[in-house]
Amino acid sequence: MDTDITGDAETDLPPPVSDDLDDNGFPILPPTAAATSSFADDFYRSGIDWSSLQLQAAPPHQRNPAAGTKAKCGGPLVQRSLFQAWGIEKPPREEAAQGVRAAAGVSSSSASHSGTWSGRKRRWGGDSEENGVAKKPATCPFYKKIPGTPFTVDAFRYGAVEGCSAYFLSHFHYDHYGGLTKKWCHGPIYCTALTARLVKMLLSINSEYICPLELNTEYVIDGVTVTLLEANHCPGAALIHFRLSDGKTYLHTGDFRASKSMQSHPLLQTGRINLLYLDTTYCNPKYKFPPQEDVIDFVVRTAQRYLKKQPKTLIVVGAYSIGKENVYLAISQALEVPIYTDASRRRILHSFGWPDLSKRISSCDQSSPLHVMPLASVQHEKLTKYLETLNQRFLAVLAFRPTGWTFSEAAGKELDLIKPSSRGRVTIYGVPYSEHSSFTELRDFLKFVRPQKGL
DNA sequence: GCGATCAGTT
DNA sequence: CACAACTGATCGC
């Protein structure tokens with residue numbers, strides 16, 4: 001039977017569901033006596049879209065009712081191994097530990113997000129609740145709230161969040177802005193200027209709610225000092241650094257790709273992060289991928305090679321709405337050709353305000369051998385049709401899918417071992433170009449940041 | 001018609 | 001395969 005996680009925040013213990021252990025041995029809901037309010041419990045109970053995680057302090061202290069409240073009892077954080085941090089002994093199977101993902105592709109619903117962990121479907125969030133609990137959007141999960149502040153991050157699908165007077169948006173990807181519509185009226189939205197432009201342009205949010213912030217600049221918002229840092233994820237993506245009036249410092253990474261250069265930021269060098277909200281998409285050593293520059297270099301060399309053999313080759317790069325720009329920008333620069341893409345993407349790319357990108361964008365598909373398309377279009381059948389469309393201007397297609405995760409061991413370490421898939425005149429390369437941190441990058445970042453070491 | 005949610009896709 | 005980030009279909013009003 002379904003339980004309602006949308007219930008009031010005061011509901012400490014939702015009634016147990018039928019199958020209450022997932023494949024990894026996590027309690028879906030604490031079996032009665034399980035007084036353990038472990039991180040995993042809270043995590044699982046809080047629903048959906050794990051957009052960022054809070055690495056909580058060591059001892060699973062006294063059960064903390066209302067997982068979502070700001071009564072975060074400020075327990076110190078100790079970062080141990082990533083697995084230990086969530087009480088995962090050892091991944092029983094391969095997919096075991098991968099999970100602690102932020103922002104799983106789990107949609108807004110309050111249902112079945114455990115799919116990412118176990119592949120088993122489960123429902124536990126029916127809105128139509130029997131016992132008279134008013135139906136409302138799923139409650140904002142605890143890990144999207146910043147304790148001790150009236151802030152949430154990437155929490156737009158819960159209507160007005162109680163106690164929230166400022167809503168932060170880490171970056172403009174659907175799984176993070178989901179819920180934002182032109183009817184938004186629950187409070188100011190803080191984000192980078194670039195993200196702000198996209199929010200306004202594509203979601204028609206009323207300007208009065210949009211509050212752009214410059215990177216690397218301190219703002220005092222509701223008594224909290226807030227600084228946005230470059231996240232190295234997609235254009236406009238930011239890490240959010242909070243300094244509370246009591247001196248506590250929190251870092252919310254959103255989605256990010258950790259890098260050495262990040263470590264030179266003054267705010268991260270103080271060693272004074274009390275609480276870390278981490279993007280752990282690839283929180284498993286099995287995910288390896290090379291530095292972005294290496295992948296870009298590989299893509300460029302490959303494109304050049306194909307063009308040499310067949311000058312009438314069309315190069316296609318797949319991309320989501322935003323992200324992966326550097327892949328096609330690099331090709332454009334190396335081959336000295338413009339970038340063609342459709343009108344809607346042109347509008348988005350121009351809105352970045354990046355002259356080096358804007359000046360290379362073309363609106364004529366015949367004039368450029370470099371086309372950017374939605375990832376979903378980068379498949380043999382669609383590209384074959386597309387090629388016909390272009391009417392003899394091109395004789396072959398070389399396409400890249402920057403996928404971000406590596407299935408083949410090979411691609412992780414030796415790019416030149418990547419085998420393309422060819423059908424007829426269409427060749428497709430999956431390349432491990434990631435805009436999330438790899439496991440080792442995550443580990444190095446944690447070692448550097450050392451959330452609350454020694455308190 | 002619109003938003004919210006679910007299912008499906010690469 | 002598994003993953004992020006959609007996209008489209010269906011539901012409820």
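In what follows, chains are A, B, ... by sequence order, proteins preceding strands, each numbered from 1.
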Q. Rounding to a whole Å, what distance do you find between A/K286:NZ and C/dA2:P?
A. 7 Å
(Q) Just N and O in the side chain of A/Y287: are any of them under 4.0 Å from OP1 or OP2 of C/dC3? (A) yes
(Q) Rounded to whole Å, how long is the line connecting atom NE2 of A/H173 with atom P of C/dT7? (A) 11 Å
Q: Would you classify A/H233 as touching base, sugar-phosphate or nothing, given that sugar-phosphate means primed atoms plus P, OP1 and OP2, and contacts are heavy atoms under 4.0 Å?
A: sugar-phosphate
Q. Taking atom types as they are modelled, is there a donor-acceptor pair under 3.5 Å from the base of C/dA4 to the side chain of A/Y174?
A. no
Q.
Rounded to whole Å, please give me the gap between CZ in A/R157 and P in B/dT5.
A. 8 Å
**Q.** Selection from B/dT10, C/dA5, C/dC3 that lies nearest to any side-chain heavy atom of A/Y320
**A.** C/dA5
Q) Base, sugar-phosphate, or nothing for A/S377, non-hydrogen atoms under 4.0 angstrom? A) nothing
Q. Any side-chain heavy atom of A/H371 sitting closer than 4.5 Å to one from A/L390?
A. yes
Q | Option passing side chain to side chain contact (heavy atoms under 4.5 Å, CB included) with A/L329 (candidates A/L370, A/L357, A/V317, A/V372) | A | A/L357
Q | Partners meeting ring-ring contact (aromatic ring centres under 6.0 Å, His included) with A/F151 (sequence neighbours left out) | A | A/F168, A/F242
Q: Give a yes/no answer on whether the side chain of A/H436 brings an N or O atom under 4.0 Å of OP1 or OP2 in C/dA5.
A: yes
Q) Any side-chain N or O of A/T281 under 4.0 Å from OP1/OP2 of C/dC3? A) no
Q: Write down the distance between CZ (A/F156) and P (B/dG3), rounded to a whole number of angstrom.
A: 17 Å
Q | Integer-rounded Å distance: C/dC6 P and A/Y177 OH | A | 6 Å
(Q) Centre-to-centre under 6.0 Å for A/Y174 and A/Y320, is that the case here? (A) no
Q) Taking only side-chain nitrogens and oxygens of A/T403, does any of them come within less than 4.0 Å of OP1 or OP2 of C/dC3? A) no
Q. So do A/T152 and A/K145 actually touch side chain to side chain, heavy atoms under 4.5 Å?
A. yes
Q. Could you state the NE2-P distance from A/H176 to C/dA4, rounded to the nearest angstrom?
A. 9 Å
Q | For atom OH of A/Y282 and atom P of C/dA2, their distance in whole Å | A | 14 Å
Q) Just how far, in rounded Å, is P of C/dT7 from NZ of A/K382? A) 12 Å
